[in-house]
There are 2 protein chains.
Amino acid sequence: MDTRTPPPERSPWLPFESRRRARDEKREAVLRTAVQLFLEQGYHRATLNEVADRLNITKPALYNYFRSKEDILFECWTIGQERVEDRIAEIAAADESGLVTLQMLVRAYAAIMASTFGASLVRFNVADLSEPNQKATLAGKRRIDRAFRNAIKQGIADGSVKPCDVKLTAFAILGALNWIGHWYKPGGELSPEQIANDFASRLTADIAKRPAKKPAEKKATKPVRKK
Amino acid sequence: MDTRTPPPERSPWLPFESRRRARDEKREAVLRTAVQLFLEQGYHRATLNEVADRLNITKPALYNYFRSKEDILFECWTIGQERVEDRIAEIAAADESGLVTLQMLVRAYAAIMASTFGASLVRFNVADLSEPNQKATLAGKRRIDRAFRNAIKQGIADGSVKPCDVKLTAFAILGALNWIGHWYKPGGELSPEQIANDFASRLTADIAKRPAKKPAEKKATKPVRKK
DNA sequence: CGCGTATATTACCCAAGGGTAAGAAAAAGT
DNA sequence: ACTTTTTCTTACCCTTGGGTAATATACGCG
């Protein structure tokens with residue numbers, strides 16, 4: 001009767017064990033478990049009891065770290081969003097041509113979409129957030145959109161990209177990218193990096209002015225981890 | 001206090017009015033109202049009471065037409081899926097080259113994605129369906145996927161399409177298309193037909209062997225309505 | 001008209017699950 | 001050791017909303 005199955009993820013709350021880890025680490029663990037569950041079962045079907053169970057704690061303990069379920073959802077989204085915006089800032093700082101910038105954006109965004117928090121940007125329903133949080137997500141989406149559109153515009157201006165409808169081009173590219181968050185499953189044949197590289201050339205092939213050669217892959221095997 | 005707003009959609013149940021319309025018409029009205037609400041607020045936030053209210057009836061009346069809320073959700077999905085599959089069958093029967101077939105598929109699918117039931121294929125969460133219904137949706141998605149992949153394969157075989165990774169190409173195209181269901185809003189600048197035509201050439205430009213000319217638009221102004 | 005059937009309504013049930021109150025159990029401070 | 005603070009648990013509350021039972025109303029038909 002006491003053959004309890006081990007928790008699916010290494011948890012800071014080991015049963016009958018030392019629980020002295022730092023607060024932030026625990027917060028993060030909650031988020032990781034929650035995203036996972038939200039993605040698996042959907043936000044509404046996933047219960048806080050289940051989240052707590054996976055962490056070897058009980059539901060009310062979660063309220064030491066978050067004020068509500070929606071709070072958790074929003075933080076998951078925030079993490080994904082921040083990762084994207086960090087990369088966007090980096091890429092903007094590189095100050096490359098429009099086409100290269102676009103390709104870098106595609107590669108970065110694709111890789112993030114193939115991660116748990118990245119997928120949460122696309123798999124969660126905006127309607128499940130409070131009104132102020134909805135505003136925040138909307139603003140975030142717009143910033144991403146603008147980054148892509150700006151790269152395309154710049155490319156047209158600097159001659160690296162063929163003239164085209166900027167808005168629809170961005171929609172098409174972002175659509176293909178966002179969809180990754182729906183089909184990508186960790187154990188598949190393709191690694192996130194492979195997908196990212198493939199999409200970087202694929203999605204820019206038709207608007208690249210030069211005969212679309214593969215976008216430069218600096219340090220493809222060991223991508224720079226920031227921070 | 002009795003300035004009651006008129007129901008947002010013409011409903012077969014006009015208050016104090018003749019309610020003798022055919023059963024199927026009512027079923028359909030329920031579905032239309034339900035999809036609308038599910039898309040607006042998400043499946044879980046939308047209540048059956050609200051669906052009923054919009055139709056000038058009460059919740060239990062809905063159970064004359066559907067066995068459960070999930071039943072309604074699934075039927076919404078089914079309608080969208082059938083529309084897609086009907087068009088796929090038509091296009092397959094046309095027996096064009098791989099490239100043209102692909103372009104026809106893109107155009108048809110894009111137009112459907114910009115409709116309510118079409119969007120429901122993408123905006124609803126599979127996890128909200130019963131297990132058998134999940135199976136059904138999965139099988140449906142696979143059939144759509146196969147149609148696109150087959151067109152690409154055929155195109156490579158008949159020389160109308162450049163050799164490419166069939167799977168990823170299909171993912172990219174379907175991603176861009178599915179995303180329409182997330183951003184398209186009826187009152188926008190672009191009509192579904194415009195989007196469909198644009199995407200048909202845009203998404204096939206890079207893999208078309210001939211210098212990508214616009215796909216043939218037979219009867220562009222007045223598309224054939226089936227049945 | 002009266003009877004059966006389909007369709008709606010009112011009134012209710014009840015499970016699920018987010019959230020809270022009160023207090024135990026550690027951890028940390030002194 | 002004693003107190004204080006943080007963390008976690010047990011026990012509970014309570015709204016929400018899908019679903020049902022019983023019943024009323026309209027419709028079709030002989």
Side-chain angles (χ1 to χ4, degrees), chain A residues 4 7 11-30 33-34 37-38 40-76 124-125 127-130 133, chain B residues 7 11-31 33-34 37-38 40-76 124-125 127-130 133:
Chain A
R4 50 196 90 178
S11 151
W13 293 271
L14 295 175
F16 305 101
E17 272 288 45
S18 65
R19 310 175 166 174
R20 63 204 72 138
R21 305 262 218 130
R23 182 179 178 82
D24 286 349
E25 245 177 284
K26 294 187 185 172
R27 250 185 88 93
E28 261 188 57
V30 172
T33 308
L37 246 161
F38 291 170
E40 281 172 23
Q41 316 187 354
Y43 175 65
H44 288 280
R45 304 194 89 78
T47 71
L48 291 185
N49 270 320
E50 216 170 336
V51 173
D53 273 355
R54 288 204 185 177
L55 293 163
N56 294 109
I57 53 174
T58 57
K59 181 174 61 175
L62 297 174
Y63 285 82
N64 276 311
Y65 305 98
F66 302 93
R67 283 194 315 258
S68 67
K69 191 186 184 186
E70 191 240 304
D71 207 27
I72 297 177
L73 182 70
F74 181 64
E75 283 236 23
C76 291
F124 295 160
N125 195 336
D128 291 329
L129 293 169
S130 71
N133 286 347
Chain B
S11 151
W13 294 271
L14 296 174
F16 305 101
E17 271 289 46
S18 66
R19 308 176 167 176
R20 63 204 71 141
R21 306 259 219 132
R23 183 180 177 82
D24 286 349
E25 247 176 281
K26 295 187 186 170
R27 252 185 85 94
E28 262 188 56
V30 173
L31 289 175
T33 307
L37 247 161
F38 291 170
E40 282 172 21
Q41 316 187 352
Y43 175 66
H44 287 278
R45 304 194 89 77
T47 70
L48 290 186
N49 270 320
E50 214 170 339
V51 173
D53 273 354
R54 288 206 185 175
L55 293 163
N56 295 112
I57 54 175
T58 56
K59 181 175 60 176
L62 297 174
Y63 285 82
N64 276 310
Y65 305 99
F66 301 93
R67 285 194 314 254
S68 66
K69 192 186 185 188
E70 190 238 306
D71 207 27
I72 296 178
L73 182 70
F74 182 63
E75 283 237 22
C76 292
F124 296 159
N125 195 337
D128 291 328
L129 294 170
S130 70
N133 285 347

Out of [options], which has the shortest distance to the side chain of [X]?
| X | options | answer |
| --- | --- | --- |
| A:Pro60 | C:dA11, C:dA8, C:dA21 | C:dA21 |
| A:Asn64 | D:dC8, D:dG17, C:dT7 | D:dC8 |
| A:Thr47 | C:dT10, C:dG17, D:dG18 | C:dG17 |
| A:Tyr63 | C:dT9, C:dT20, C:dT7 | C:dT20 |

Interatomic distance, [X] [atom1] vs [N] [atom2] [rounded to whole Å]:
| X | N | atom1 | atom2 | answer |
| --- | --- | --- | --- | --- |
| B:Arg45 | D:dT15 | CZ | C1' | 14 Å |
| B:Gln41 | D:dG17 | CD | P | 10 Å |
| A:Leu37 | C:dG17 | CG | P | 12 Å |
| B:Tyr65 | D:dG19 | OH | P | 18 Å |
| B:Ile57 | D:dA24 | CD1 | C1' | 16 Å |
| A:Leu62 | D:dT6 | CG | P | 19 Å |
| A:Asp53 | D:dT9 | CG | C1' | 13 Å |
| B:Asp24 | C:dT7 | CG | P | 10 Å |

- Validation row: B:Leu31, B:Tyr65 side chains within 4.5 angstrom (heavy atoms):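 A side-chain contact is absent here, since even the closest heavy-atom pair is not under 4.5 Å.
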- Distance-minimising heavy-atom pair for A:Leu55 and A:Leu62: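 Of all heavy-atom pairs spanning A:Leu55 and A:Leu62, the closest is CD1-CD2, 4.5 Å.
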- Quick one: closest heavy-atom pair of B:Gln41 and B:Glu50, and the distance?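 B:Gln41 and B:Glu50 have their closest heavy atoms at NE2-OE2, 3.0 Å.
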- Query: B:Glu28: what forms a side chain to side chain donor-acceptor pair (under 3.5 Å) with it, not counting sequence neighbours?
  - Reply: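 In terms of side chain to side chain donor-acceptor pair (under 3.5 Å), with neighbours along the sequence ignored, B:Glu28 is linked to no residue.
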- Test A:Tyr63 against A:Leu48 for side-chain contact (heavy atoms from CB on, under 4.5 Å), laying out the working first. CA-CA 10 Å; A:Tyr63 285 82; A:Leu48 291 185; 3.4 Å; yes
- Distance-only donor-acceptor test (3.5 Å): side chain A:Lys59, base C:dG17: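 Side chain to base: no pair below 3.5 Å.
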- Task: Could I get the full list of side-chain contact (heavy atoms from CB on, under 4.5 Å) partners for B:Asn125, not counting sequence neighbours?
- Result: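 Counting only residues at least two positions away or on another chain, B:Asn125 forms a side-chain contact (heavy atoms from CB on, under 4.5 Å) with B:Ala127, B:Asp128.
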- Going by number, which of residues 66-75 of chain A have a non-hydrogen atom under 4.0 Å from DNA chain C?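 The answer is A:Ser68, A:Lys69.
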- Item | Touch class at under 4.0 angstrom, heavy-atom based, for B:Ala46 against every strand present |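 Sugar-phosphate contact only.
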- Given salt bridge (Lys or Arg N to Asp or Glu O under 4.0 Å), test B:Arg45 with A:Glu70 step by step and report yes or no. CA-CA 13 Å; B:Arg45 304 194 89 77; A:Glu70 191 240 304; over 6 Å; no
- Message: Under 4.0 Å from OP1 or OP2 of D:dT7: is there any side-chain N or O of A:Arg23 that close?
- Response: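 Result: yes.
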